[in-house]
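Written below as structure tokens is the structure these notes are about.
Treat the numbers as computed from the prediction; the structure is a model and nothing was measured.
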Amino acid sequence: MRPDIAFSWKRSAMDGCDPSASLHELALKEVDSHGRLVTLAAPILDHLMEDLGGARLAVVLADRRACLTDVRCPHPGLLDRLEQAGAMLGRQLTEKTSGTNSVATVHELGRGVAVRGDEHYLESLRIFSCYGRPIRDPVTRRLQGSLSLVGFAEDDSIALAPLLGRVVMDLERELADAAGERERRMLAAFRAAARTGRPVLVLGEDVTLANAAATELLEAADYAMLRGLPASRTVHLRYGKQVMAELTAIEQTSAVLCELREPLARPSAPGWTASRVLITGEPGTGRTTRLRELAGGDDLVVVEAIDAMSDVTTWLDRLRALAATHPGLLGVEDVQLLPPAVALRAARILDTAVGRVALTGTRVREHAELLALCPYRLELSPLRERAHEIPGLVAAMTGGRNVRFTPAALSVLAAQDWPGNLRELAAVVELVLQRRGTGDITAADLPPGHRDCPRSRRLTALERAEHAAITQALRSAGGNKARAARLLGISRTTLYSRMKVFKI
């Protein structure tokens, strides 16, 4: 066995990769079909497919994450076998998960590799031979992805390596031309904005420009937080300063211009000084924390609604006594747990309170009397809708320890759905800190259930049913789309279209 292949097998085994594993076991990542590499590669791959004619060869483009972003094959027999093996858009092929192949090993070594037949670590891939080459940014020399030619093992040809090399050279020339124009546009936007003297940044895919005012103001976690912002908004920096981050897309680039300004002075939201406030949000979104903030310097007494379940009379008597005597803030937590009759009596008692009243809950629409009691309401967004806050939250949760979550790790955390919200995030951070108390924390250090799972939009009930039907058909067909389409009674084209919509 050749040295490169032998060492790759050893790395795969040490990482726990099972030779009998299937690529279908790997989650599909979201693919950016309009990304720079995919866009620039498209016309070059079109020409390559014309040159290949009907040859039994597939062209596989992977991005910097080793995720397949474009798979083309003019031969239906080979395409079916690739799909059966699980080589489909969004599949991430690393040596840890897929062993030795022309995507994973190229990304591991950073140079061209040929993997022929039985040299594949996974048994399911040994019917193929493949040649892969890295694609590098000509300016930064950073890895942008890889390009592979894949065929059946019996069709292996040494002529594929030089053909692949020429195509990659063409693609890197396109990257160089695009990078030159892109860098010029980014620099021009940066210089124009920096003349104001305000903190200014340009945030690109692999480039960050910042003036002196920005570098003095920001810490590492702030850069990650700003990269995650979906739009202009007021943000809190790592050490507590509040700024307005104004984002402007830079034309014909994937970068944004970020200008930091002092936020406009605004009067305090009336809810924070009002006498009746309702705080709603999913479990773990920080309702109790906001309740404490609402109290400010006033004395806070909290009554748990769940206690009413054991003894309603005692609970109402205590609430009545506090309403009549407590001059500070009286909080009632989880009011959605109150039975309707108890909620009605509680609302009448709280309406006579001598101090301020704040209620917290998840769903209170069925308690009209409590809603009527609170004219001021604060709804807390779930963590999945506040991804830009995760770097700052994680930094705060580390408690000043000598650790750093890398940008890649923070990006993975920001991509989670977080059904448990802040509590779940805190639990994950604490688990990671127990395992690694110092140094850099990478995505590989995160718990297995929080390393993947990119966020997708919420589906309707009908869409969820359709999604379930498609995934079940694909499982029944062993990943073969033609058979899955027949099982569903739809055309293969329709199946591809729906899979793209649902990111299956």
Side-chain angles (χ1 to χ4, degrees), residues 198-203 208 210 213-247 256-264 266 269 272 279 281-282 284-294 378-433 436-443 445-447 450-451 454-455:
R198 288 191 298 268
V200 171
L201 306 94
V202 167
L203 304 171
T208 299
T215 56
E216 290 176 4
L217 180 65
L218 303 175
E219 296 187 10
D222 296 326
Y223 287 94
M225 177 271 293
L226 293 171
R227 280 185 176 277
L229 286 180
S232 300
R233 64 181 60 190
T234 301
V235 297
H236 291 273
L237 301 181
R238 174 70 179 89
Y239 62 89
K241 184 177 179 61
Q242 188 181 55
V243 297
M244 177 64 187
E246 296 185 355
L247 304 182
V256 295
L257 175 69
C258 178
E259 299 180 76
L260 303 179
R261 307 172 185 265
E262 293 290 336
L264 296 175
R266 295 183 302 175
W272 294 109
I279 304 173
E282 294 179 6
T285 49
R287 288 172 296 154
T288 301
T289 300
R290 291 301 178 95
L291 182 62
R292 296 193 192 101
E293 293 175 354
L294 182 60
L378 176 64
E379 183 174 359
L380 303 181
S381 300
L383 187 57
R384 61 183 169 274
E385 297 177 7
R386 297 151 50 197
H388 65 283
E389 296 181 13
I390 286 179
L393 291 169
V394 170
M397 290 173 182
T398 58
R401 303 187 206 187
N402 187 28
V403 296
R404 182 184 78 102
F405 280 74
T406 64
L410 292 172
S411 295
V412 171
L413 290 176
Q416 307 301 306
D417 198 45
W418 298 115
N421 292 293
L422 294 171
R423 288 196 203 117
E424 183 183 356
L425 176 62
V428 168
V429 171
E430 182 57 33
L431 180 61
V432 171
L433 294 177
R436 182 181 290 276
T438 60
D440 281 354
I441 293 173
T442 67
D445 296 314
L446 301 176
H450 291 82
R451 292 177 192 160
R455 186 186 299 109

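Closest non-hydrogen pair, Met225 versus Leu237, comes out as CE-CD2, 4.0 Å. Here the closest non-hydrogen pair linking Val412 and Ala443 is CG2-CB, 3.9 Å. Heavy atoms only, all atoms of each residue included: Leu433 and Thr398 are closest at CD1-CA, 4.0 Å.
Pro447 has its side chain within reach of Val432: a pair of non-hydrogen atoms, C-beta onward, lies under 4.5 Å apart. Contact annotation: the side chain of Arg233 never approaches that of Leu247 to less than 4.5 Å [non-hydrogen atoms, C-beta and beyond].
Glu424 meets the side-chain contact (heavy atoms from CB on, under 4.5 Å) test with Trp418, Pro419, His450; sequence neighbours excluded. Scanning for side chain to side chain donor-acceptor pair (under 3.5 Å) contacts around Thr288 gives Glu333, with sequence neighbours left out. By the side chain to side chain donor-acceptor pair (under 3.5 Å) test, Thr442 pairs with Asp445, sequence neighbours left out. Residues forming a side-chain contact (heavy atoms from CB on, under 4.5 Å) with Ala214 (at least two apart in sequence, or on another chain): Pro199, Leu201, Ala210, Asn211, Leu218. For Arg292, there are no side chain to side chain donor-acceptor pair (under 3.5 Å) partners, not counting sequence neighbours. Residues passing the side chain to side chain donor-acceptor pair (under 3.5 Å) test with Arg401: none are found, sequence neighbours excluded.
Of the N and O atoms on the side chains of Thr208 and Arg227, at least one donor lies less than 3.5 Å from an acceptor on the other residue.
Glu259 contributes atom CD, which lies 6.0 Å from atom CD of Glu246 (distance to the nearest 0.5 angstrom). To the nearest 0.5 angstrom, Arg423 atom CZ is 11.5 Å from Glu282 atom CD. Interatomic distance, SG of Cys258 versus CG of Leu203, reported as 6.0 Å (0.5 Å rounding). If you take CG on Leu446 and CG on Leu413, they are separated by 5.0 Å, rounding to the nearest 0.5 Å. Interatomic distance, CE of Met397 versus CG of Leu425, reported as 4.0 Å (0.5 Å rounding). Note that CG of Leu422 is 11.0 Å distant from CZ of Arg287, once rounded to the nearest 0.5 Å.
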Considering only distance and modelled atom types, tabulate donor-acceptor pairs under 3.5 Å from the side chains of residues 404-411, sequence neighbours left out.
from: Arg404; atom 1: NE; to: Asp440; atom 2: OD1; distance (Å): 3.0
from: Arg404; atom 1: NH2; to: Asp440; atom 2: OD2; distance (Å): 3.1
from: Thr406; atom 1: OG1; to: Ala409; atom 2: N; distance (Å): 3.2
from: Thr406; atom 1: OG1; to: Ile441; atom 2: O; distance (Å): 3.3
from: Ser411; atom 1: OG; to: Pro407; atom 2: O; distance (Å): 2.9

Original post:
Can you list the steps and then say if Arg436 with Val403 is a side chain to side chain contact (heavy atoms under 4.5 Å, CB included)?
Top reply: CA-CA 8 Å; Arg436 182 181 290 276; Val403 296; 5.6 Å; no

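Remark: the backbone N or O of Leu383 is paired with a side-chain donor or acceptor of Asn421 at under 3.5 angstrom.
Pairs passing the salt bridge (charged side-chain N to carboxylate O under 4.0 Å, His left out) check and including a residue from residues 387-397, sequence neighbours excluded, read Arg386-Glu389.
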